[in-house]
There are 2 protein chains.
Amino acid sequence: MIELLAYFKNELPLINGFLDEETSKLEGLVKDVARHVLLAPGKRIRPVLTILSARGLGYGKDDIYPLAGSLELLHAATLLHDDILDDADLRRGVEASHLVFGTTETILAGDVLLALANKIGADYGKPRISSVLASGIMATVEGEILEIAHISEPLMNRDTYMDIIIGKTARLIETSCRLGAILASDDRAMEDAVGNFGLNMGIAFQLVDDALDYESPSDDTGKPEGGDLKEGKITLPLILYLEMLQEKEAELLLAEIKSQTLSDEKRVHVLAEIRKHGLGARTRTYAAEYVEKAKSCLDPLPEGEEKQVLKQAADFVLTRKK
Amino acid sequence: MIELLAYFKNELPLINGFLDEETSKLEGLVKDVARHVLLAPGKRIRPVLTILSARGLGYGKDDIYPLAGSLELLHAATLLHDDILDDADLRRGVEASHLVFGTTETILAGDVLLALANKIGADYGKPRISSVLASGIMATVEGEILEIAHISEPLMNRDTYMDIIIGKTARLIETSCRLGAILASDDRAMEDAVGNFGLNMGIAFQLVDDALDYESPSDDTGKPEGGDLKEGKITLPLILYLEMLQEKEAELLLAEIKSQTLSDEKRVHVLAEIRKHGLGARTRTYAAEYVEKAKSCLDPLPEGEEKQVLKQAADFVLTRKK
């Protein structure tokens with residue numbers, strides 16, 4: 001992991017510098033909101049993946065930071081709007097923006113970041129950058145829509161769950177990788193290779209995120225423990241638990257979770273059962289499979305530092321604690 | 001106006017057909033929201049301007065409808081988010097979406113329409129389309145931000161008012177015209193000519209809109225009479241009235257309007273004063289100047305039907321009653 005850490009250490013100040021500069025230019029009302037969410041400590045996974053994908057395909061120029069940063073702008077925009085939808089209290093360990101700045105300011109800040117990301121992408125003058133960027137946003141919003149739509153449906157299976165996490169998380173990570181490749185080369189096969197790497201890594205990333213929600217106390221993730229269960233979000237550890245129950249029992253429990261009428265007592269019981277049966281760990285096993293798949297997607301790439309670092313980044317997904 | 005009406009009559013079914021088809025493909029949760037706002041009777045000014053600008057510069061292909069329609073998607077997205085911000089009751093004469101479908105669905109529908117418009121633009125493979133589209137969205141959101149930011153400021157003058165209406169309305173109308181020109185030609189001077197036409201026409205459009213708010217009963221505009229005054233929005237007819245008052249009196253009144261603490265009695269009085277002094281009509285006089293300016297921007301365009309229709313469209317802005 002030495003190469004990965006060194007890579008992050010080199011690139012983070014440049015990415016953060018871009019975000020600092022770009023958000024400082026925004027209009028007063030939304031500047032504070034944008035800076036609140038963007039300058040809070042973040043992993044910057046998406047920008048780093050864009051940089052790694054471009055460099056791994058031989059791109060040497062320094063004009064990569066706006067494109068890389070635009071992925072973080074997009075991600076922040078979705079976080080801002082999602083937190084309003086979820087009425088979340090915390091984000092990245094700090095109070096959610098709409099509670100600090102108001103819903104109006106937060107909706108508008110999200111809109112401005114979406115527009116800014118598209119503008120930055122368009123300014124590279126490569127039509128495919130705009131197209132892939134727009135598709136990535138589209139998929140992300142559709143994933144979120146699918147997730148919310150399923151809260152009011154009586155059933156939830158693994159296929160639907162996969163569709164949701166691919167949409168709301170993996171597609172934007174795929175997009176991050178694709179954009180780096182597009183900047184570096186017009187070779188569609190290479191773009192697809194790093195794109196598929198990103199897609200599989202993104203799936204693993206969300207699986208681990210959903211496992212963590214059942215594993216860690218709130219001060220590690222910045223979110224309350226079992227928060228998904230409270231919010232009525234059905235993720236893989238819970239689906240695995242529901243599969244263990246009798247059909248009637250599962251249906252009843254699912255209905256209570258979705259309608260957010262689960263008693264505290266029952267919630268504590270479900271959390272304990274999921275832990276007892278190691279369903280978080282089983283979710284991580286699935287994540288590990290996607291990490292392996294992601295790494296194998298990199299086979300067509302030329303050997304070099306970035307290829308190694310991309311593989312380490314995929315492995316890192318499995319070890320993260322928050 | 002015969003040519004203008006004939007043009008609308010020809011193009012409207014094609015634009016509406018595109019919007020119908022495109023929104024029918026959306027995910028369940030947001031499909032109804034998108035169709036609610038997009039299939040309600042609308043003037044389709046933006047798409048028609050895109051078509052006129054392209055045809056006026058000699059563009060003959062039929063692939064123009066997605067690009068033209070994307071402007072209506074963008075406009076609808078801003079309406080959806082704005083109505084949440086304003087907590088509006090009515091839009092285009094029908095109940096505002098967030099009251100029918102919920103805030104979550106409405107935020108997400110706005111996001112999806114923004115993404116879809118960018119995607120459609122990107123698919124034309126012309127970088128300048130994506131760039132102009134992104135700038136147009138950016139300016140529109142910034143205009144809205146400026147308007148909301150100024151609600152909490154103690155002053156409002158004509159310059160700020162102009163900045164706001166240019167941002168929130170005129171830039172997207174300028175964008176509609178520019179995009180048609182870009183599709184038709186790489187001649188930047190022609191793009192600027194129709195762009196400036198759109199900008200000036202857009203300013204006139206909003207001036208008339210703001211005049212109408214003080215003139216028409218609610219069943220004509222689909223909005224309550226004097227709605228801007230109630231919502232604390234400071235538009236030109238009111239600014240002209242404030243300029244007639246003593247400074248102290250103006251400041252006091254402005255403070256009450258902005259904090260939405262104006263009594264019904266005072267509101268009725270202000271509405272009557274603005275009518276008595278013909279300040280709506282004076283606002284229209286300014287609009288007429290921008291219409292003339294808009295028409296003169298068209299001088300470099302080749303003579304032909306579309307040039308005439310564009311001029312008629314600008315004139316039409318002054319005569320509309322809703």
Side-chain angles (χ1 to χ4, degrees), chain A residues 26-31 33 74 77-78 80-82 84-87 102-153 167, chain B residues 26-31 33 74 77-78 80-82 84-87 102-153 167:
Chain A
L26 294 173
E27 196 60 51
L29 191 75
V30 295
K31 182 163 51 178
V33 188
L74 276 187
T78 64
L80 289 173
H81 285 186
D82 284 3
I84 300 172
L85 311 183
D86 296 343
D87 202 11
T103 301
T104 293
E105 289 76 359
T106 304
I107 292 178
L108 286 170
D111 287 349
V112 120
L113 294 178
L114 278 173
L116 183 57
N118 279 303
K119 177 90 180 75
I120 290 169
D123 286 345
Y124 280 84
K126 270 199 154 187
R128 185 141 179 88
I129 287 184
S130 290
S131 180
V132 167
L133 206 50
S135 299
I137 305 168
M138 190 82 190
T140 306
V141 181
E142 286 179 341
E144 180 75 17
I145 290 166
L146 197 60
E147 181 169 43
I148 291 175
H150 268 273
I151 290 179
S152 57
E153 304 246 326
Chain B
L26 294 173
E27 197 60 52
L29 192 74
V30 294
K31 182 165 47 180
V33 189
L74 277 187
T78 64
L80 289 173
H81 284 186
D82 284 3
I84 300 173
L85 311 183
D86 296 342
D87 202 9
T103 301
T104 294
E105 287 77 358
T106 303
I107 292 177
L108 287 170
D111 288 349
V112 121
L113 294 178
L114 279 173
L116 183 57
N118 279 302
K119 177 89 182 71
I120 290 169
D123 285 345
Y124 281 84
K126 271 199 154 189
R128 185 139 180 89
I129 287 183
S130 290
S131 182
V132 167
L133 206 51
S135 298
I137 304 170
M138 191 81 191
T140 306
V141 180
E142 285 179 342
E144 180 76 16
I145 290 166
L146 197 60
E147 180 168 44
I148 290 174
H150 268 273
I151 289 178
S152 57
E153 304 246 326

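Below, read A as the first sequence line, B as the second, and so on, with proteins coming before strands; counting in each chain starts at 1.
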Discussion item. Within the 4.5 Å heavy-atom criterion, are B:Lys119 and A:Ser135 side-chain neighbours or not?
Written reply: yes
Practice prompt. Drop me the distance from A:Ile145's CD1 to B:Ile107's CD1, to the nearest 0.5 angstrom.
Written response: 11.5 Å
Practice prompt. Could you tell me the separation between the CD atom of B:Glu142 and the CG atom of A:Leu29, rounded to the nearest 0.5 Å?
Written response: 11.5 Å
Fill in: Pairwise distance NE2(B:His81) to OG1(A:Thr104) - rounded to 0.5 angstrom
12.0 Å
Fill in: Flag side-chain contact, heavy atom, 4.5 Å: A:Val141 against B:Val30
no
Worksheet item: Given that the side chain runs from C-beta out, which part of A:Leu108 has a heavy atom under 4.5 Å from chain B: side chain, backbone, both or neither?
Response: both
Discussion item. Would you say that A:Glu27 contacts B:Glu144 through its side chain, given a criterion of any heavy-atom pair below 4.5 Å between the two side chains?
Written reply: no
Fill in: Interface moiety of B:Leu133 toward chain A, non-hydrogen atoms closer than 4.5 Å
neither
Worksheet entry | Heavy-atom pairs under 4.5 Å with chain B, option from A:Asp123, A:Leu116, A:Val132, A:Ile137 with the top count | A:Leu116
Worksheet item: Between A:Pro127 and B:Gly125, which heavy-atom pair has the shortest distance, and what is it?
Response: CG-O, 3.1 Å
